[in-house]
S.K.: 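The structure under discussion is supplied below as structure tokens; questions concerning it will follow.
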Number of protein chains: 2
Amino acid sequence: MYHKKRAQTYDCGLDLVGEILYGKWKIRLLYFINEGHIRPGQLQKKIPEATRRVLNVQLNELENHELILKTIFPVLPPKVEYRLTELGQTLIPLILSIGLWGDKHEERLREILKKTNEQRQ
Amino acid sequence: MYHKKRAQTYDCGLDLVGEILYGKWKIRLLYFINEGHIRPGQLQKKIPEATRRVLNVQLNELENHELILKTIFPVLPPKVEYRLTELGQTLIPLILSIGLWGDKHEERLREILKKTNEQRQ
DNA sequence: TCATATAGGGCTAAATTTATCCGTATTGAT
DNA sequence: ATCAATACGGATAAATTTAGCCCTATATGA
């Protein structure tokens, strides 16, 4: 497992949240788990752009950060389920608001991103 | 300027927000600008862990993404001011909620991060 | 016997992001 | 003449994150 070389300082709440939510797929993982897609395979179907590997990595981090809980059923073929911890649940309203904001400004944001992505040629 | 090689797909509002807010210092920049620290030098003082260079890079991105507006005053020594665009302003409530969540769970989060950072030795 | 379903992780490569270093510019004060 | 204040960005290095490839494991059913 990779470990950071640069020391981290967490000055304020915003920093702390940044640290645990910073990851390309994390917020979406939380979102989908909350929606009931609780098995690894289901999550992969919801986020096909990500490889299974990365999802595992990020799920592990979410678990270490105590936002989700993993249950491994001792059956074959293997079965795993994730669910939000209490702490994780308290994040859901925030995630939903962020999503709503994005939906509300979707058109505008797409234009903006289109423009800036074009510039980079 | 760096340009991305991997194609991006934005499936939902959450994706779009992710794209424009993903950056180590962006949320804090928005936060501080909203608090009235509108000049580059002031922002650097508020975020001393970041180099001036990176702040510039991220400020530029925020500007391109139309979340902030830059005013260059033609004086010497140079003077620059940033302020939130209307779009940027609509993000503030979200950012504040995130910060509040972080503050509320500060102790818990520090413990969690301490643990996970220790593991990585 | 072989594919299928299911989930995991090591290792390495590539992409992306962040940090460092250094050079530019100008006025006014020492 | 030099330095401080103020701000910007190119080029490159380092750190970090994400992706790709490949191997493990086992019961069931074709």
Side-chain angles (χ1 to χ4, degrees), chain A residues 1-9 15 18-29 33 37-65 68 70-82 116-117 119-120, chain B residues 1-9 15 18-29 33 37-65 68 70-82 116-117 119-120:
Chain A
M1 196 212 237
Y2 182 82
H3 66 267
K4 306 199 179 188
K5 293 182 183 166
R6 256 189 271 272
Q8 304 275 305
T9 57
D15 279 19
E19 182 70 14
I20 59 166
L21 288 187
Y22 208 64
K24 190 163 173 179
W25 314 102
K26 285 189 185 173
I27 289 186
R28 278 198 275 169
L29 284 170
I33 290 172
H37 305 95
I38 57 178
R39 299 189 56 189
Q42 296 176 325
L43 290 167
Q44 234 261 288
K45 264 170 216 150
K46 298 303 286 182
I47 315 181
E49 315 93 277
T51 62
R52 185 58 156 279
R53 185 75 182 85
V54 188
L55 293 185
N56 282 337
V57 169
Q58 305 220 341
L59 284 165
N60 284 338
E61 288 179 12
L62 289 173
E63 195 194 358
N64 287 331
H65 289 154
I68 62 177
K70 179 178 186 173
T71 312
I72 303 176
F73 295 90
V75 297
L76 275 164
K79 178 175 173 183
V80 163
E81 283 183 8
Y82 290 101
T116 55
N117 289 336
Q119 279 178 10
R120 330 198 200 201
Chain B
M1 194 210 234
Y2 182 82
H3 66 266
K4 306 199 177 188
K5 293 183 183 166
R6 255 189 271 272
Q8 306 274 305
T9 57
D15 280 19
E19 182 71 13
I20 59 166
L21 288 187
Y22 208 64
K24 191 161 173 182
W25 314 102
K26 285 189 185 173
I27 290 187
R28 277 198 276 168
L29 284 170
I33 290 172
H37 305 95
I38 57 178
R39 299 188 56 190
Q42 296 176 324
L43 290 167
Q44 233 260 288
K45 265 171 216 151
K46 297 303 286 183
I47 315 182
E49 315 92 276
T51 61
R52 184 60 155 279
R53 185 74 181 85
V54 188
L55 293 184
N56 282 337
V57 170
Q58 306 221 340
L59 284 165
N60 285 339
E61 288 179 13
L62 289 172
E63 195 194 358
N64 287 331
H65 289 155
I68 62 176
K70 179 178 185 172
T71 313
I72 303 176
F73 295 90
V75 296
L76 277 163
K79 178 175 171 182
V80 164
E81 283 182 7
Y82 292 101
T116 54
N117 288 336
Q119 279 178 11
R120 328 198 201 201

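Below, read A as the first sequence line, B as the second, and so on, with proteins coming before strands; counting in each chain starts at 1.
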S.K.: Select base, sugar-phosphate, or nothing to describe what B/Tyr22 touches, counting heavy atoms under 4.0 Å on all strands.
M.R.: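 Result for B/Tyr22 = sugar-phosphate.
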S.K.: OP1 or OP2 of D/dA15 versus the side-chain N and O atoms of A/Lys5: is any pair under 4.0 Å?
M.R.: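 Answer is yes, contact under 4.0 Å.
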S.K.: Under 4.0 Å from OP1 or OP2 of C/dG9: is there any side-chain N or O of A/Asn60 that close?
M.R.: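 For A/Asn60, the contact criterion (side-chain N or O under 4.0 Å from OP1 or OP2 of C/dG9) is met.
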S.K.: Please check this pair: side chain of B/Glu81 against backbone of B/Ile38, looking for a donor-acceptor N/O pair closer than 3.5 Å.
M.R.: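 No.
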S.K.: Scan B/Val80 against the nucleic acid and name what it touches under 4.0 Å (heavy atoms): base, sugar-phosphate only, or nothing.
M.R.: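 Touches sugar-phosphate only.
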S.K.: For C/dG8, does OP1 or OP2 lie under 4.0 Å from any side-chain N or O of A/Asn56?
M.R.: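 So the side-chain polar atoms of A/Asn56 do come within 4.0 Å of the phosphate oxygens OP1 or OP2 of C/dG8, strictly under.
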S.K.: Examine distances only and state if a side-chain atom of B/Glu19 and a backbone atom of B/Thr9 form a donor-acceptor pair shorter than 3.5 Å.
M.R.: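 No, because the side chain of B/Glu19 does not come within donor-acceptor range (under 3.5 Å) of the backbone of B/Thr9.
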S.K.: Quantified as the angle between the terminal helix axes (five pairs each), what is the overall bend of the helix from C/dT1-D/dA30 to C/dT30-D/dA1 to 10 degrees?
M.R.: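 It works out to 30° between the end axes.
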S.K.: Does B/Lys24 pair with B/Glu49 as a salt bridge, N-O distance under 4.0 Å?
M.R.: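 Judged by the 4.0 Å cut-off on N to carboxylate O distance, B/Lys24 and B/Glu49 do not form a salt bridge.
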S.K.: Phosphate oxygens OP1/OP2 of D/dT17: is one of them under 4.0 Å from a side-chain N or O of A/Lys4?
M.R.: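 It does, given that an N or O in the side chain of A/Lys4 lies less than 4.0 Å from OP1 or OP2 of D/dT17.
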S.K.: At less than 4.0 Å, is any side-chain N or O atom of A/Lys70 found next to OP1 or OP2 of C/dG8? Yes or no.
M.R.: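 Yes, because at least one side-chain N or O of A/Lys70 sits under 4.0 Å from OP1 or OP2 of C/dG8.
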S.K.: Below 4.0 angstrom from OP1 or OP2 of D/dG9, is there any side-chain N or O of B/Arg53?
M.R.: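 For D/dG9, neither OP1 nor OP2 has a side-chain N or O of B/Arg53 closer than 4.0 Å.
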S.K.: Between A/Gln44 (side chain) and A/Ala50 (backbone), is there a donor-acceptor pair under 3.5 Å?
M.R.: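 Checking the backbone N and O of A/Ala50 against the side chain of A/Gln44, a donor-acceptor pair under 3.5 Å is found.
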S.K.: Go through B/Ile68 and B/Leu29 one step at a time and tell me if the side-chain contact (heavy atoms from CB on, under 4.5 Å) criterion holds.
M.R.: CA-CA 10 Å; B/Ile68 62 176; B/Leu29 284 170; over 6 Å; no
S.K.: Do you know the tightest heavy-atom contact between A/Lys26 and A/Ile20?
M.R.: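 So the minimum-distance heavy-atom pair works out to CD-O, 3.5 Å.
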